[in-house]
Amino acid sequence: MAKDDDDGELEALQVALVRFQQYAIEAGERDLVIFEGRDTAGKDGAIKRIVEHLSIRSTRVVALPKPTDRERGQWYFQRYVEHLPAKGELVILNRSWYNRAGVEKVMGFSTPDEQETFLRDVPVFERMLTGSGVQVVKLWLDISRTEQAERLEARKTDPLKALKISPLDAVAQEKWDAYSAARDEMLRRTHTTDAPWTIVHTDSKSKARLNIMRHLLKQLAPPEIADAISPPDPDVVFPFEPAALTDGRLEP
């Protein structure tokens, strides 16, 4: 896609998102979008494009730091509950309760019993959310190992990306296989009819961002807005199914 075409579609999708939010505020919708994925998969950039023209009062992006000692003694989901959307709000979680199935598992930040309890409980928790009227969209942003390595290296030399550097970057490649195994178990056990996972290929940042926006509009917007939007490219965005774990659609 040419850059001019890319920019033109971005603007059109952002206009559609503004129209959607006008509708959602009036209708009192509660919308929750969960962004998960490997380091450097493009969560920050995609979220920035989505919220750029939305209402500050009705839109919240939540990226929680590591839990405090007090929070570690709470029910695991407790610190997330206060950030759930009220009527007319869109909340985007830039990483979420799924930390327990990903980085905490790989890095040993929680126990195997805590991880198993999470995988057992999260489908029930999300069923409670959707049953109460919250619209939940879960996105897993997938990236190739080679592309991740290039983006991690770029962070070291670009001063504008200095705040993106994390101690966990150093082990993202080293523990690639462990992260893959954790991802596969998480997707397999937490993909439900109430809160299904959608996979996004992100080696092309621009294609990923545009297709994420298309997907959100198709999932959340009313027909008079969603019907005017092109469907996501199935080579970029597709619904998770167990076969994707072995047929090459997910990075090994």
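In this text, all values refer to a predicted model and were calculated from it rather than measured experimentally.
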| request: Compute the ring centroids of Y80 and W75, then answer whether they are less than 6.0 Å apart. | output: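 No, the ring centres sit 6.0 Å or more apart.
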What is the minimum heavy-atom distance between [X] and [Y], and which atoms define it?
X: E29; Y: Q135; answer: OE1-NE2, 3.0 Å
X: A226; Y: A221; answer: CB-O, 3.9 Å
X: R72; Y: P67; answer: NH1-O, 2.9 Å
X: A101; Y: L119; answer: CB-CD2, 4.2 Å
X: R155; Y: K161; answer: CA-CB, 4.2 Å
X: A46; Y: F35; answer: CB-CE2, 4.0 Å

I'd like to know if [X] and [Y] make a salt bridge, using a cut-off of under 4.0 Å between side-chain N and carboxylate O.
X: R120; Y: E116; value: no
X: R95; Y: D39; value: yes
X: R188; Y: E185; value: no
X: R209; Y: E9; value: no
X: K138; Y: E36; value: no

| message | Evaluate T59 against I50 for side chain to side chain contact (heavy atoms under 4.5 Å, CB included), listing each step before the verdict. | response | CA-CA 10 Å; T59 309; I50 291 166; over 6 Å; no
Are side-chain N/O atoms of [X] and [Y] paired as donor and acceptor at under 3.5 Å?
X: S144; Y: E251; value: no
X: W140; Y: D142; value: yes
X: E104; Y: Q115; value: no
X: K105; Y: Y179; value: no
X: Q173; Y: Q148; value: yes
X: E71; Y: Q78; value: no
X: W97; Y: E126; value: yes

Do you reckon [X] sits in the same ILVMFWY cluster as [Y], going by side-chain contacts under 4.5 Å, direct or chained?
X: L139; Y: L90; answer: yes
X: M107; Y: Y76; answer: no
X: V137; Y: I92; answer: yes
X: Y23; Y: V18; answer: no
X: V122; Y: L129; answer: yes

Rounded at 0.5 Å granularity, tell me how far [atom1] in [X] sits from [atom2] in [Y].
X: M128; Y: F77; atom1: CE; atom2: CZ; value: 10.0 Å
X: L216; Y: I229; atom1: CG; atom2: CD1; value: 11.5 Å
X: L152; Y: R38; atom1: CG; atom2: CZ; value: 11.5 Å
X: L210; Y: S204; atom1: CG; atom2: OG; value: 8.5 Å

| Given Q14 and E52, is the side chain to side chain donor-acceptor pair (under 3.5 Å) satisfied, shown in steps? | CA-CA 8 Å; Q14 289 178 326; E52 187 172 5; 3.0 Å; yes
| message | Could you go through D31 and V91, starting from their C-alpha distance and side-chain angles, then the distance that decides it, and tell me whether this counts as side chain to side chain contact (heavy atoms under 4.5 Å, CB included)? | response | CA-CA 6 Å; D31 298 309; V91 172; over 6 Å; no
| task | Kindly determine whether Q22 and R19 satisfy side chain to side chain contact (heavy atoms under 4.5 Å, CB included), including the steps that lead there. | result | CA-CA 5 Å; Q22 290 172 320; R19 291 182 58 212; 4.3 Å; yes
| Does atom CD of E224 have more than 12 heavy-atom neighbours, drawn from other residues, nucleotides or ligands, at distances under 6.0 Å? | yes
| query | Take atom CD in E11; do more than 12 heavy atoms of anything else shown fall under 6.0 Å from it? | reply |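 Counting other residues, nucleotides and ligands, CD of E11 stays at 12 neighbours or fewer.
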Check: [X] side chain, [Y] main-chain N or O, donor-acceptor pair, under 3.5 Å:
X: T202; Y: K205; value: no
X: N211; Y: K207; value: yes
X: R214; Y: P231; value: yes
X: R151; Y: D203; value: yes
X: T130; Y: R127; value: yes
X: H191; Y: W197; value: yes
X: D121; Y: F118; value: no
X: R249; Y: L245; value: no

Does the side chain of [Y] come within less than 4.5 Å of [X]'s, by heavy atoms?
X: I199; Y: V237; result: no
X: N99; Y: F109; result: no
X: I212; Y: T198; result: no
X: P123; Y: D194; result: no
X: L64; Y: H83; result: yes
X: L187; Y: Y98; result: no

| task | Apply side chain to side chain contact (heavy atoms under 4.5 Å, CB included) to S58 and list each qualifying residue two or more places apart in sequence or on a separate chain. | result | Q21, I25, S55
| request: On the 0 to 90° scale, with breaks at 30° and 60°, tag the F238-H201 ring pair as parallel, tilted or perpendicular. | output: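 If you compare the ring of F238 with that of H201, the planes turn out tilted.
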| request: Applying side chain to side chain contact (heavy atoms under 4.5 Å, CB included), run through L17 and H53 and close with a yes or a no. | output: CA-CA 8 Å; L17 284 167; H53 299 288; over 6 Å; no
| field | Contact list for residues 85-94, test side-chain hydrogen bond (donor to acceptor under 3.5 Å, both in side chains), sequence neighbours left out | value | D44-N94, R60-E89
